[in-house]
**Student:** 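Here it is, the structure in full.
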Amino acid sequence: MALHLTNTLTRKKELFTPQNAQNVTFYTCGITPYDYAHIGNLRVMVVFDVLFRLLRQTYGESHVTYIRNFTDIDDKIIQRAHEMNQPPTDVAEKYIKVFHQNMQAMNCLDPTHEPRVSTSMQEIVEMVDALVASGYAYVAASGDVIYRTNRFPTFGQLVNRKLAEQQSGARVEVDSEKESAHDFVLWKANAKSATKMEQAFIPAKYGAKHFSAAGRPGWHIECSAMSKQLAGATLDIHAGGEDLQFPHHSCEIAQSEALSHKPLANYWLHNSFITVGGQKMSKSLGNFTTIPQALEQFPPMALRYWLLQTHYRKPVDFSPDAVKAAAKPAARLQKAIAAAQAMATAKGTPTEAFIAALNDDLNTSKALAELNKAAAELSAESAAEFLAMADVLGINAT
RNA sequence: GGCCGGAUGGUGAAGUGGCUUAACACAGCGGUUUGCAAAACCGCCAUUCGUCGGUUCAAAUCCGACUCCGGCCUCCA
């Protein structure tokens, strides 16, 4: 069976067909480095690391472009910078460095590109400018640039939502500067910010003609700009956490498609959450465990095994006991990998059953079962294929 | 109010019409090994899949109703 993925756009499991099998493009929304990332972020990284590895296995290592951004300019970072009395870039740099170390510990492959807001400012400003020029955005009195959702009739389609039926302001107060409650900010002018940014970006410096207030980009525009910059108008796959469907991904679609008139992505993938006692783990609820904390408490491969034991579209409940229960089988697999490395003479390929499991919408649970069976029956003949399977799941010996 | 998910043994979890009296794993129990223990290995461990009804030769899997739980509706992975 060829790769099938559940596409949020259609809510169906569909056969995956890339635009160009020589260069499959895949984008995952990365972190905002204002603090240590938590294990909810880790789930995204691990799940889509497996997808990246599977795509490389299928299309060849040099035929997959994986993009994962850092939103390194953001109000939370600025806030944090004030608290820490450091430049925002230093704050971002600090947490990016830790994140990279953590990803390495977790045996996540480096993405092909890791763009940052701070280095994609040109593309972002150009996009905002073009949206204003074409009437998809307007400049408010404060200098904020705001997306005009009424101009984009299919806004909210990703989540199958009719805007008129939504409770605007259900959680966040509606900004009075907006023409419509659903409109969202593309560019935030400094004048309005509670905490002024030390390094304001001046649109004119990047050639903007239709807006001018010094400030910084809004939350959603960076992903639109970066994916266009690195992968063109249409990505094969765009992935992220379930909570990004709305507003983040819905806004990205509105921004990108207004200008390109092409789908931003052909396949949208969303993973479910990590919960704690049945409740979503989140920064705002305070019920989170950071990745560095998790790595202090548990071996990386125990965390990986624990995460991959559950299908990515189902919630995983976090408890120390649950991760500990994964440590034993993970360690056994690691020993088997070390043993297989001593036996294998050539590079192998995974078994058909194993690949079929992953091709079925990334059934890592079933793939793990296949890997366990292969470990139990490990021999000199099967060592190479066993190693190939462990590699696709990103499980390593150390 | 609208939209979207989920409910499978003591536990995590796969399974979307017959190959599943339910994969794989954790815990537990019995055994082999061991000076003892640990580790390792072998074996046992759900006739049952939220509730009620329906379709079918056949349902955890399809349909309907219901109950409960979670998520989203501009901080969030």
Side-chain angles (χ1 to χ4, degrees), chain A residues 6 8 11 13 28-32 34-35 37-48 68 71 74-76 79 146-147 149 155-175 178 180-185 218-220 239-251 270-275 277-285 288 291 302 305-319 321-333 335 353 357 360 363-376:
Chain A
T6 298
T8 307
R11 301 192 185 277
K13 205 189 277 186
T28 299
C29 291
I31 61 160
T32 300
Y34 71 103
D35 193 359
H38 69 75
I39 56 176
N41 300 288
L42 183 63
R43 187 176 191 191
V44 179
M45 302 311 152
V46 168
V47 162
F48 296 117
R68 188 178 65 203
T71 303
D74 175 272
D75 286 6
K76 287 205 185 94
Q79 180 74 44
I146 302 173
Y147 190 95
T149 49
F155 186 70
Q157 198 178 47
L158 181 68
V159 285
N160 191 24
R161 221 168 261 185
K162 294 181 183 71
L163 296 180
E165 291 166 3
Q166 298 306 300
Q167 291 184 344
S168 287
R171 207 182 53 192
V172 175
E173 220 177 307
V174 177
D175 188 327
K178 292 176 180 174
S180 155
H182 308 293
D183 291 358
F184 57 93
V185 177
W219 175 32
H220 316 293
E242 199 175 37
D243 52 353
L244 294 185
Q245 288 174 13
F246 193 94
H248 189 55
H249 290 162
S250 300
C251 294
H270 292 98
N271 65 281
S272 188
F273 299 122
I274 287 180
T275 58
Q279 292 261 305
K280 178 182 173 182
M281 177 181 282
S282 73
K283 287 271 166 113
S284 48
L285 286 172
F288 61 91
I291 300 175
Y305 191 104
W306 169 66
L307 288 168
L308 295 180
Q309 221 178 358
T310 308
H311 186 89
Y312 76 95
R313 287 191 301 107
K314 286 182 86 175
V316 172
D317 201 67
F318 171 76
S319 73
D321 283 348
V323 186
K324 273 181 208 150
K328 199 171 164 179
R332 184 165 50 225
L333 284 174
K335 269 189 201 170
D360 183 10
N363 191 336
T364 52
S365 185
K366 206 169 179 179
L368 225 32
E370 292 298 326
L371 190 65
N372 277 318
K373 284 189 223 170

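Since the structure is predicted, the reported quantities are computational estimates derived from the model, not experimental observations. In what follows, chains carry the letters A, B, and so on, assigned in the order in which the sequence lines appear, proteins first and then strands, with residues in each chain numbered from 1.
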**Student:** Decide yes or no, distance alone: a donor-acceptor N/O pair under 3.5 angstrom between the base of B:C4 and the side-chain of A:R161.
**Tutor:** no

**Student:** Would you say B:G70 has OP1 or OP2 under 4.0 Å from some side-chain N or O of A:Q279?
**Tutor:** yes

**Student:** On RNA chain B, nearest-nucleotide positions of A:K314 versus A:R332: which is more 5'?
**Tutor:**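 That would be A:K314.
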
**Student:** Establish, with yes or no, whether the OP1 or OP2 oxygen of B:A27 is under 4.0 angstrom from a side-chain nitrogen or oxygen of A:K328.
**Tutor:** yes

**Student:** Can you check whether A:H249 and A:H270 have ring centres sitting under 6.0 Å from each other?
**Tutor:** yes

**Student:** Tell me whether the OP1 or OP2 atom of B:C4 has a side-chain N or O from A:N160 closer than 4.0 Å.
**Tutor:**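 Looking at the OP1 and OP2 atoms of B:C4, one of them is under 4.0 Å from a side-chain N or O of A:N160.
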
**Student:** Please tell me if A:K335 has a side-chain N or O lying less than 4.0 Å from either OP1 or OP2 of B:A40.
**Tutor:**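 Answer is no, no contact under 4.0 Å.
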
**Student:** Does B:C57 pair with anything, Watson-Crick or G-U wobble, both distances under 3.5 Å, and if so, with which nucleotide?
**Tutor:**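 B:C57 is paired, partner B:G18.
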
**Student:** Indicate whether any N or O donor in one side chain lies under 3.5 Å from an N or O acceptor in the other, for A:T275 and A:D317.
**Tutor:**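 Yes - a donor-acceptor pair under 3.5 Å links their side chains.
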
**Student:** Sort out the partner of B:A25 for me: Watson-Crick or G-U wobble, both distances under 3.5 Å, none otherwise.
**Tutor:** B:U11

**Student:** Kindly say whether, by distance alone, the side chain of A:K280 makes a donor-acceptor pair under 3.5 Å with the base of B:C76?
**Tutor:** yes

**Student:** I'd like the P distance from B:A14 over to B:U55, given in whole Å.
**Tutor:** 31 Å

**Student:** Measuring centre to centre across the rings, with the benzene-like ring taken for any Trp, is A:W219 within less than 6.0 Å of A:F184?
**Tutor:**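 Ring-ring flag for A:W219/A:F184: false, centres at least 6.0 Å apart.
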
**Student:** Hey, does the side chain of A:K13 come within less than 4.0 Å of B:U16's phosphate (OP1/OP2), counting only N and O?
**Tutor:** no

**Student:** Among B:A23, B:C41, B:C72, which nucleotide sits nearest the side chain of A:F246?
**Tutor:**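 Between B:A23, B:C41, B:C72, the one nearest the side chain of A:F246 would be B:C72.
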
**Student:** Which base, if any, makes a Watson-Crick or G-U wobble pair with B:C41, both distances under 3.5 Å?
**Tutor:**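 Its partner is B:G31.
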
**Student:** Does a side-chain N or O of A:W306 approach OP1 or OP2 of B:C26 to a distance below 4.0 Å, or not?
**Tutor:**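 For B:C26, neither OP1 nor OP2 has a side-chain N or O of A:W306 closer than 4.0 Å.
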
**Student:** Indicate whether OP1 or OP2 belonging to B:A77 is found under 4.0 Å from a side-chain N or O atom of A:N41.
**Tutor:**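 It does, given that an N or O in the side chain of A:N41 lies less than 4.0 Å from OP1 or OP2 of B:A77.
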
**Student:** With a 3.5 Å cut-off and heavy atoms only, can you find an N or O donor on one side and an acceptor on the other between the side chain of A:S365 and the base of B:C24?
**Tutor:** no

